Amino acid sequence: MGSAASSERRIALVDVNNFYASCETVFNPKLRGKPVVVLSNNDGCVVARSAEAKALNIKMAQPWHQVDPTVQRQTAVFSSNYTLYADISNRVMTILGDMAPSQEVYSIDESFLELTGIRELRQHAHAIRQRVSQWTGLTVCVGVGTTKTRAKLANYVAKKSPEHAGVFNLETLSAIDQSALLAKIPVGDVWGIGFRTERRLVQMGIRTAADLRRSRPKQLRQQFGVVAERIVAELNGEVCTELEISPPAKQQIRLSRSFGAAVSELPLLKEAMLAFVSIAAEKLRRQNSFTSTLQVFVCTNVFRPDKPQHSTGFTLKLPYAMDDTAMLAKFAVRALEHLYKPGYEYKKAGVNLMSLSPRGNAQLELFTNDRIAKRGDQLSTAMDNINRRFGRESICLGRLSGPRPWSMNQTRLSPAYTTNMNQLLLAR
DNA sequence: TCTGGGGTCCTAGGACCC
DNA sequence: TCTGGGGTCCTAGGACCC
């Protein structure tokens, strides 16, 4: 794309403000105007905060148990309810997709939209906000620029400065005003510059987005690699990344969880592993892939250095590419038995399906027993159907009847308002 | 007591080949 | 004594994002 064309390009980054916390508030209007936080799996860290919670100085990723008890008492706190958030996300993304010729769904609460050539861009951006608000009760911010990186930056400004009313177009600013604006943005707030790179950049005297934009690409490439070089180019309006309209198939599927309580016995560890493999394999089949490398890992609690530590993984090259839960489970258990050591309190485990290939192209085992393979296929399909209908993990392999100390703590879970008939919101 | 999970991309370095 | 060099493939690890 030439520079003349790229200067006409308009990309919007639209994201939902405080997404998880806002989802909870939408279904519980009493929470409006109050501090609300959502915790990570296992009720560990804070992963979402309402504006009021931010004002109380609750930090992102802060362990909840480290939050000041006085602050805790003022705050409404929820376990993360991904079923709810995923459903609300789908609704928002559908609305956004309808308001642009093309869309990249970038994360659970963000979309890039192609808005090139749209007249009255400002009005259109406000119409997007209006419609999302009206149809879902959620607030979004819209940032517009010629590249994804500039759209992200514009979105950052829209969110930070209330006077823009949630919409900001970087390209309407004169060159001088742009420089002045970028000079006020810390370099670590640029998309793709993390905290380590920021530290090194600041040491070199590159402190702001403006400094970064006018830095020397050669030097930057040498010190920080091609990623940093691209960021600078995109800040200058040079298009390095296009929208990804249809999401590419995943290259790996990983499933891991911290346990609610530590687990020492092999049978319980196996049970947890089987649950993880079942979910991972279902995801694998949903994207029509086979895997030919399986990794299993376990770790003890790194926050308890006073206890014996054992963290390890084992990677298995599978004899052929497969997607069948029972077969994958067999190999996962074998790997687990291989690395398990008695006498340790394991706190986390997981499975990683790697070397994925499209179902059709995958190399099959030379001497696959057709009948056995077909039976595995039918079993997996049946399990997928049951789980789709009655909820994930309605059926899976090797469930023991006893207690499950490994399952997550979720003591503050809100109802699945939109996806479970028994948990619908009642109007009285 | 309690400390997340699932991804991507890039790079350096080793193994191997000719 | 002196022990090539370039290409490819794979993997582990770093950095980042949400």
Side-chain angles (χ1 to χ4, degrees), chain A residues 13 15-21 37-49 59-67 69 72 77-82 85-86 89 104-112 148-149 152 155-156 187-201 221-231 240-241 244 247-262 276 279-280 283-284 287 292-293 295 297 299-307 312-313 315 317 345 347-356 405 408-412:
Chain A
L13 187 274
D15 75 345
V16 182
N17 296 357
N18 317 322
F19 181 54
Y20 298 167
V37 304
V38 176
L39 303 180
S40 62
N41 274 338
N42 228 16
D43 293 345
C45 299
V46 173
V47 292
R49 308 158 293 161
K59 299 289 182 209
M60 186 67 177
Q62 188 178 13
W64 178 243
H65 70 92
Q66 285 174 5
V67 173
Q72 284 189 357
V77 51
F78 294 91
S79 304
S80 36
N81 186 343
Y82 285 105
Y85 310 149
S89 172
E104 170 183 341
V105 176
Y106 175 66
S107 76
I108 193 161
D109 74 329
E110 287 171 272
S111 267
F112 287 104
K148 284 183 174 182
T149 306
K152 268 275 193 182
N155 178 277
Y156 168 92
V187 69
D189 288 344
V190 174
W191 188 39
I193 304 295
F195 123 94
R196 284 170 197 83
T197 307
E198 177 181 28
R199 218 169 35 191
R200 289 172 56 201
L201 285 170
R221 163 143 204 170
Q222 207 173 18
Q223 302 223 18
F224 300 95
V226 65
V227 176
E229 190 188 20
R230 266 181 220 150
I231 292 170
C240 299
T241 38
E244 277 181 357
K250 304 262 179 277
Q251 298 175 34
Q252 58 169 322
I253 293 171
R254 179 203 304 245
L255 220 116
S256 75
R257 293 278 182 277
S258 291
F259 300 145
F276 300 159
I279 298 170
K283 289 186 176 185
L284 182 71
Q287 72 159 28
S292 56
T293 307
Q295 184 181 54
F297 53 93
C299 352
T300 48
N301 190 345
V302 290
F303 296 101
R304 294 298 301 272
D306 52 313
K307 299 206 168 181
T312 184
T315 307
K317 277 247 180 283
E345 296 182 3
K347 186 63 174 138
K348 183 177 177 177
V351 62
N352 194 1
L353 307 180
M354 300 180 297
S355 312
L356 305 192
M408 283 193 284
N409 291 326
Q410 285 189 300
T411 57
R412 302 155 184 278

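FYI, side chains are in, hydrogens and waters are out, and symmetry mates aren't considered; it's all heavy atoms of this structure. Everything quoted here is computed from the prediction, not taken from an experiment.
Within a 6.0 Å sphere centred on CD of A:Q222, heavy atoms belonging to other residues, nucleotides or ligands number 12 at most.
Classification of the A:F259-A:F276 ring pair by plane angle, with boundaries at 30° and 60°, yields parallel. Note: A:Y85 and A:Y20 have parallel aromatic rings, judged against thresholds of 30 and 60 degrees for the angle between ring planes.
Remark: A:N409 is not in phosphate contact with B:dC2, judged by side-chain N or O atoms under 4.0 Å from OP1 or OP2. Taking side-chain N and O atoms only, A:R230 has a distance below 4.0 Å to OP1 or OP2 of B:dC10. A:K347 has no side-chain polar atom (N or O) that falls below the 4.0 Å cut-off from OP1 or OP2 of B:dC2. A close approach under 4.0 Å does occur between a side-chain nitrogen or oxygen of A:R196 and OP1 or OP2 of C:dC16. Within the 4.0 Å cut-off from OP1 or OP2 of B:dG5, at least one side-chain nitrogen or oxygen of A:K348 is found. When the side-chain nitrogen and oxygen atoms of A:K317 are compared with OP1 and OP2 of C:dT11, one or more of them lie within a distance under 4.0 Å. The side chain of A:R257 contributes an N or O atom lying less than 4.0 Å from OP1 or OP2 of B:dG6.
Across the protein-nucleic acid pair, A:K152 atom NZ and C:dC16 atom C1' stand 12 Å apart, rounded to whole Å. Rounded to an integer number of Å, the gap from NZ of A:K148 to P of B:dC9 is 11 Å. Rounded to a whole Å, the NZ atom of A:K250 is 18 Å from the P atom of B:dG5. At whole-Å resolution of the value, CD in A:Q66 and P in B:dG4 are 10 Å apart. Between the CD atom of A:Q62 and the C1' atom of B:dT3 there is a distance of 11 Å, rounded to whole Å. To the nearest angstrom, C1' of B:dG4 lies 14 Å from CZ of A:F259. What separates CZ of A:F297 from C1' of C:dA12 is a distance of 15 Å, to the nearest Å. In this structure, CG of A:L201 is placed 13 Å from C1' of C:dC16, rounded to the nearest angstrom.
Within the nucleic acid shown, A:D109 comes within 4.0 Å of sugar-phosphate atoms alone, with no base atom in reach, counting heavy atoms only. Residue A:I108 is out of contact with every strand shown, counting any heavy-atom pair closer than 4.0 Å. Among the heavy atoms of the strands lying under 4.0 Å from A:I193 are primed sugar atoms or P, OP1, OP2 only; no base atom is included.
Residue A:E110 places its side chain closer to C:dC18 than to any other of B:dG4, B:dT3, C:dC18. For A:H65, taking side-chain heavy atoms from C-beta onward, the closest of the listed nucleotides B:dG4, B:dT8, B:dT3 is B:dT3. If you check B:dT3, C:dC17, B:dG7 against the side chain of A:W191, the one that comes closest is C:dC17. The side chain of A:N301 lies closest to B:dT3, out of B:dT3, C:dC16, B:dG4. Distances from the side chain of A:S256 to the nucleotides C:dA15, B:dG6, B:dT8 place B:dG6 closest. Listed nucleotides B:dC9, B:dG4, B:dT3 differ in distance to A:Q251; the shortest reach to its side chain belongs to B:dC9. For A:S258, counting side-chain heavy atoms from C-beta on, the closest listed nucleotide (B:dC2, B:dG4, C:dC18) is B:dG4. Distances from the side chain of A:Y106 to the nucleotides B:dG4, B:dG5, C:dC17 place C:dC17 closest.
Taking atom P in both C:dC18 and B:dT3, the straight-line distance is 25 Å, to the nearest Å.
Looking at A:D43, A:N409, A:N41, A:N42 one by one, the single match for side-chain hydrogen bond (donor to acceptor under 3.5 Å, both in side chains) with A:S79 turns out to be A:D43.
Heavy atoms only, all atoms of each residue included: A:I253 and A:A280 are closest at CG2-O, 3.9 Å.
Using the Watson-Crick or G-U wobble rule with both distances under 3.5 Å, C:dG5 pairs with B:dC18.
Under the 4.5 Å side-chain criterion, counting only non-hydrogen atoms from C-beta, A:W191 is not in contact with A:L13. Put simply, the side chain of A:N155 does not reach to within 4.5 Å of the side chain of A:E110, judged on heavy atoms.
Both A:G260 and A:V226 lie close to DNA chain B; mapped to their nearest nucleotides by heavy-atom distance, the more 5′-ward contact belongs to A:G260. Between A:W64 and A:G225, the residue whose closest nucleotide on DNA chain B is further toward the 5' end is A:W64.
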